[in-house]
Amino acid sequence: MTYQLPDLPYAYYALEPFIDKETMQIHHDKHHATYVEKLNASIEECNGCSDKSIEELLLSIHQIPEHVRQAVINNGGGHANHSLYWIIMGANGKKQPEGKLADDIKTTFGSFDQFKAELTAQAISRFGSGWAWLNVSEKGQLHIETTINQDSPLLKGHKPLLCLDVWEHAYYLKYKNKRADYIEAWWNVVNWNKVEELYNQFKK
Ligand code: MN
């Protein structure tokens with residue numbers, strides 16, 4: 001078995017005007033596809049690796065043979081991170097979460113707006129390439145974090161709920177060097193129904 005590039009759950013143009021069609025095409029068909037390709041190549045000599053889901057593979061990173069471990073962190077992370085990124089976005093979604101997730105965001109961060117401001121600030125100040133996240137910690141607490149390169153929060157046992165790609169390839173065609181403008185636009189395409197679903201599954 002090999003890892004597969006998942007289809008986008010919507011059309012390339014679906015997130016316009018916030019994220020443009022060409023960026024989505026290159027990001028999904030070229031960048032994500034390359035992570036999947038390189039992941040499959042790197043685990044060829046690792047017995048049992050591809051029997052695991054991508055999440056299981058990253059959660060058990062210390063069992064991966066050392067000579068391929070960094071390649072799995074980079075390309076397996078790239079695969080897992082992008083797979084989540086596509087599904088936590090969508091068109092015509094609501095502006096804020098509801099239910100348990102909304103309540104716990106309020107308890108943890110003070111308000112939805114404070115949460116949004118904090119994640120935005122961390123995403124803007126993530127130096128170089130990486131991601132900003134809303135995750136659940138190993139103790140079950142909501143928290144914001146950033147990761148470098150394609151490192152996945154799963155490597156630390158954190159459960160990812162929401163991810164924001166701040167690699168330049170995610171925004172450069174439309175926003176050039178203006179990462180903050182991309183981030184502001186990105187909040188319009190968050191699929192809160194999906195994020196709630198992930199949180200509720202975890203909370204069960
Ligand atoms: Mn990316």
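All residue numbers in this chain count up from 1 along the given sequence. Quick caveat, the model's predicted, so the values are computed rather than measured. Values below: every heavy atom of this structure, side chains too, minus hydrogens, waters and symmetry copies. Indexing begins at 1, ligand by ligand and atom by atom, following the structure's order.
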(request) Would you mind listing every salt bridge (charged side-chain N to carboxylate O under 4.0 Å, His left out) that reaches into residues 149-166, with sequence neighbours excluded? (result)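 Found Glu145-Lys156.
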
(message) Within this structure, what is the CE-CG distance for the pair Met89 and Asn188, rounded to the nearest 0.5 Å?
(response)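 Reported value, rounded in 0.5 Å steps: 12.5 Å.
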
(request) Check whether any side-chain N or O of Arg179 sits under 3.5 Å from a backbone N or O of Arg126 as a donor-acceptor pair, and report yes or no. (result)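 At least one qualifying donor-acceptor pair exists.
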
(request) Report yes or no: does Glu196 contribute a side-chain atom to a donor-acceptor pair with the main-chain N or O of Leu101 at less than 3.5 Å? (result)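 Absent.
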
(message) Is a donor from one side chain sitting under 3.5 angstrom from an acceptor on the other, for His79 and His32?
(response)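 Per modelled atom types, His79 and His32 side chains form a pair under 3.5 Å.
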
(message) Taking 2.8 Å as the limit, list every protein N, O or S atom around the Mn ion (ligand 1), by chain and residue number.
(response)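 Correct list: His27 NE2, His82 NE2, Asp165 OD2, His169 NE2.
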
(request) For side-chain hydrogen bond (donor to acceptor under 3.5 Å, both in side chains), just list the numbers for His28 and His82, CA-CA rounded to whole Å, side-chain angles, deciding distance to a tenth of an Å, and then say yes or no. (result) CA-CA 8 Å; His28 177 270; His82 287 90; over 6 Å; no

